[in-house]
Each structure stands twice: as C-alpha cells, then as structure tokens.
Q: 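Structure below; questions to follow.
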Protein chains: 2
Amino acid sequence: MTPPDTRTQLLDAAEHLFAERGFHGASIRAITDLAGANLAAVGYHFGSKAQLLTAVVLRVVEPINAAQSAGLDKLLARTPDPEVTELVEAFAGPLFDEMATADEGGARKSRLIMRILGDPAEEMREWPGPAEDTVRDRYLAAFAHALPALSANELWFRIRGILAVAAVDRVDVHNGQPPPGRSSAAARRWAITFLTAAMSAPPTGT
Amino acid sequence: MTPPDTRTQLLDAAEHLFAERGFHGASIRAITDLAGANLAAVGYHFGSKAQLLTAVVLRVVEPINAAQSAGLDKLLARTPDPEVTELVEAFAGPLFDEMATADEGGARKSRLIMRILGDPAEEMREWPGPAEDTVRDRYLAAFAHALPALSANELWFRIRGILAVAAVDRVDVHNGQPPPGRSSAAARRWAITFLTAAMSAPPTGT
DNA sequence: GTCTATAGAACGATAGAC
DNA sequence: GTCTATCGTTCTATAGAC
C-alpha cells in the first residue's frame, strides 16, 4: 500500500474539482489544497492548469476507448455480423463500467464527460483525441452494416444519442444526489434495453 | 423595431457567453462588452452575476415548460390514453422547437441546458424551478399509464434519457460545428423515432 | 438609468531557496 | 521534488457623480 505520489493525487483532486465546478471554477489553489500538495506543484508536474486538464481527461477517456475497442474486436472475431444489441453493449457498456466504481467516482466521471461534451472552446480543444475518433468510426461502420436501411446522417444522430444517454447517467437533473432506487448495475442494463430499442428503430420516413 | 433595452441585451449576451464558456468562464466584463453596456449594468439590473444566470436560465426554460404543459393538456383533452409516440412528441418536441431558431441560437441554448444538467453545485442550485418539476411529474404519470409494465425507476431512467438526447442535440462531440447534414427539423424527427422506440421497449428483465 | 473609479479579493504563473 | 514569496493580472461588487 504505497501512498500515491503527488502527481496522482493532483490528478485525482483535479478530476474531482473539474467535474464538480468546471475548468474555470476549479482554481489551482483548490486543487493543490485537496491534493495535499503545494501551490507550485501543478506548474512543476503539468506545466499549466490547461495541461493538467488534458491529463485528467486522457486518464478518464483512455480506458473507456480501450474497452470499447477490445469489445468490438472480440465481437468481430466471433462473427462478421454482430447483432445491434451486441454492438450497443460493446459500445455503451464500457461507458457505464468505467463510471461505476461504486462510490461517487462514477458520477464524477460522468459529470466530467458531460462538461467536455458541452464545451465548444474551453481549454479542451487542443486535446489530441485520435484514439476515440478511430473507435467511433469503427463502430459507425459496424452499426451501418447491422442497420443498412439507415442513412449515414440518421445513424450518426443515433450514435450521439448513445453517448448522450451514457453521459447523463448518474448526473442528477436537479441536485447532486442520484435519483432514488438507482444502482449502476441496473442503470447499465436499463440503458442497454433503452438504446438497443432506439438503435433498432426503422429509419425515419420522409 | 424599437431597439432592445439594456436588460434584454444583457440577457442575450449572458445567454451566449454562459453557454459558450460556462458561468465562471464568462466574466461580467465580457458580458457587458458584448451587450454594449456598462460594467456596472449587471449589478444594477440583476444584483449579481449569479442572479443574472438564473434570469437567463428562466428565460430559456419557461417557454419550453409552457409548451410541454400545453402539449400534454391538448393530448389529454382528446383522449385519456395517449400513445407513447404522442407523449414523446409532446415532451421532446418543444425541446427541439425552442432550440431550433435556425441560427446558432439553438445550439447555444442546447449547450446552456447541458451545462445546467451537468452542474451539481454551480450558482444554479438556488433556482426555484417548481414549474418544470410539476410538468415532469405530469409526464411521468402519463408515461406510467401508457407503459404499465415498467417499474417507476426504469421509467424515470427513460425520461432522463429523453432529456439527455434532446440536450445533447446540436452540441457537437468534438468541436464547435454541428455534424454534417443536420437540419434541426430532421433532428427533431430522428429524435422522435429514436425516443419512441426507446420508450416503448419492454421492461428490462431481472 | 448610465457612467467612472476603485476597493478588495482571488487568480495563474514563476523565481529562487532548500 | 517541494516549498515560500510574490508579481502582474483579472475578477466581482459598489460607491458616488451625472
């Protein structure tokens, strides 16, 4: 049980506070205080507050991408024509798994991702993010194959719907507490049901 | 064509900047500059930056609530047992209508709502919001009646899914531009298809 | 109702001792 | 790698003239 190093403590504290208050709302002072580190530590370890943010985001996003990618590999190794529900499970499942660390860490990540999704400019834009684009493109192709009647635009709309439902999960609409009677395991299953039906809907008629 | 008064110009500018940069990222200076008003104008007209935010949010949310409420009234006046697709249309439709002012005003409101959804504490919490709670409860009852097999918790999960899909609409995942080939009219119809199928899914088995 | 001017606090970043 | 000290900037809020 070696104690976490300062760098990790800073990442933890920053993940918490960026999710809770946003980038501008979380000061370096608040982050270093929560991390039990010195004010100058952010500059030393990450260079700037903005670079700390990208490090935090990468740490949250990378395992999700890896799990999504591995899930698709596994699916395609078994059959060239996966079911819609299998694709939904492989794509949306990791979003819930990674955000379901029992404690409030899941809701925190969920909020962080929502903030990034909704942020058009914030110091977020320089973030590389080629990995998740690749993963998304691969799922786009797989869904297009499973749902050949759907136009590319409507398919894209639906995939963004998956992201939306997953991102908003565990973020309460009106206050900080999760809705009553929610366990993340149940939410995960509800989401698969909800999203499989949604993805499988026939194309919208003109 | 009377020119808008300072108060309205401040609300417009604040709506823009809060959506674009978040509450902490939008300074009073930036807001008053964009509004063509004086730095002291926010204090005079709204008392504080936080109260300006609640005024902005109320102005965005109120017409949506009113349209949702009127839509449900109209539906229930016609039949005591509306279809799921009609309920989805009445609930989700106004979210798209109010956010579809052709120009980028829609995306702006969409982003603002996303920020509020994802914000557990921000100066948002004191906001009264009894109206939208009432509307949501009425739809909850109507959906429960149309989908009697669904548990209250799973139904609640699904209604939040509607909000998620609507809120994320027109917010691009990775940069400020809307996805290719999107018109808000098409997005509205795609969403009704997507969400009707999702709401109509059978309950998740245990 | 609009302006100038400023108080008072918090901010990000960094230089330099240890 | 960690600390103190501080620079220069920006922030919200408000007092008071017009």
Side-chain angles (χ1 to χ4, degrees), chain A residues 1-59 112 115-116 119 121-127, chain B residues 1-59 112 115-116 119 121-127:
Chain A
M1 212 53 182
T2 66
D5 59 0
T6 299
R7 203 190 135 88
T8 303
Q9 302 244 101
L10 285 172
L11 285 170
D12 291 342
E15 179 181 308
H16 190 146
L17 291 174
F18 284 151
E20 219 70 18
R21 310 183 192 169
F23 179 76
H24 297 287
S27 69
I28 289 187
R29 285 171 164 81
I31 291 166
T32 50
D33 280 2
L34 183 61
N38 186 271
L39 173 60
V42 164
Y44 177 78
H45 285 282
F46 299 95
S48 71
K49 186 183 174 185
Q51 287 170 276
L52 170 60
L53 174 63
T54 74
V56 166
V57 171
L58 279 179
R59 196 180 62 155
L112 183 66
R115 287 203 192 264
I116 297 159
D119 217 313
E122 211 150 295
E123 281 66 2
M124 202 15 53
R125 288 305 137 216
E126 76 248 25
W127 155 36
Chain B
M1 210 57 180
T2 64
D5 59 1
T6 299
R7 202 190 136 89
T8 303
Q9 301 244 106
L10 285 173
L11 285 169
D12 290 342
E15 179 181 309
H16 191 146
L17 291 174
F18 285 151
E20 219 70 18
R21 309 184 193 171
F23 178 75
H24 297 286
S27 68
I28 290 187
R29 284 171 160 81
I31 291 166
T32 50
D33 280 0
L34 182 62
N38 186 270
L39 174 61
V42 164
Y44 177 78
H45 286 282
F46 299 96
S48 72
K49 187 184 172 184
Q51 286 169 278
L52 170 60
L53 174 64
T54 75
V56 166
V57 170
L58 279 180
R59 196 180 62 156
L112 183 67
R115 288 204 191 263
I116 297 160
D119 217 313
E122 210 151 297
E123 280 66 3
M124 202 18 51
R125 287 305 138 217
E126 76 247 22
W127 156 38

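No hydrogens, no waters, no symmetry mates; every other heavy atom, side chains included, goes into these values. To find a chain, count down the sequence lines: A is the first, B the second, and so on, and within it residues start at 1.
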Q: Would you say A/S27 places a side-chain N or O within less than 4.0 Å of OP1 or OP2 belonging to C/dC11?
A: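 For C/dC11, OP1/OP2 do have a side-chain N/O of A/S27 under 4.0 Å.
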Q: Between B/L10 (CG) and C/dC3 (P), how many Å, whole number?
A: 11 Å
Q: Mind calculating the distance between NE2 (A/H45) and P (D/dC3) to the nearest angstrom?
A: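 For the pair A/H45 NE2 and D/dC3 P, the rounded distance is 9 Å.
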Q: Can you check whether B/T6 has a side-chain N or O nearer than 4.0 Å to OP1 or OP2 of C/dG1?
A: no
Q: In this structure, how many angstroms lie between the P atom of C/dG12 and the CZ atom of A/F46, rounded?
A: 15 Å
Q: Looking at B/H24, I'd like to know whether one of its side-chain N or O atoms comes within less than 4.0 Å of OP1 or OP2 on D/dC11.
A: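 The answer is no; no side-chain N or O of B/H24 sits under 4.0 Å from OP1 or OP2.
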Q: If we ignore hydrogens and angles and just use 3.5 Å, is the side chain of A/K49 paired with the main-chain N or O of A/F23 as donor and acceptor?
A: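 Judged by distance alone, yes, a pair lies under 3.5 Å.
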Q: Would the distance check show the side chain of B/R115 and the main-chain N or O of B/A19 forming a donor-acceptor pair, the cut-off being under 3.5 Å?
A: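 Yes, the answer is positive, given that a donor and an acceptor are paired below the 3.5 Å cut-off.
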Q: Is any side-chain nitrogen or oxygen of A/N38 closer than 4.0 Å to OP1 or OP2 of D/dG1?
A: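 For A/N38, the contact criterion (side-chain N or O under 4.0 Å from OP1 or OP2 of D/dG1) is not met.
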Q: What is the distance from atom CG of B/L52 to atom CG of B/L11, rounded to the nearest 0.5 Å?
A: 6.5 Å
Q: Any chance you could measure B/L17, atom CG, to B/I28, atom CD1, to the nearest 0.5 Å?
A: 12.0 Å
Q: Tell me: CD of B/Q9 to P of C/dT2, nearest whole Å?
A: 10 Å
Q: Specify the separation, in whole Å, of atom CD1 of B/I31 and atom P of D/dT10.
A: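 Checked: the CD1 to P distance equals 17 Å.
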Q: Any side-chain heavy atom of B/R59 sitting closer than 4.5 Å to one from B/T8?
A: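 A side-chain contact exists here, since the closest heavy-atom pair is under 4.5 Å.
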Q: Between B/E15 and B/V56 (side chain of the first, backbone of the second, donor and acceptor by atom type, cut-off under 3.5 Å), is there such a pair?
A: no
Q: Between the protein and nucleotides 13-18 of chain C, list the N/O to N/O atom pairs that are separated by less than 3.5 angstrom.
A:
| from | atom 1 | to | atom 2 | distance (Å) |
| --- | --- | --- | --- | --- |
| C/dA13 | OP2 | A/K49 | N | 3.1 |

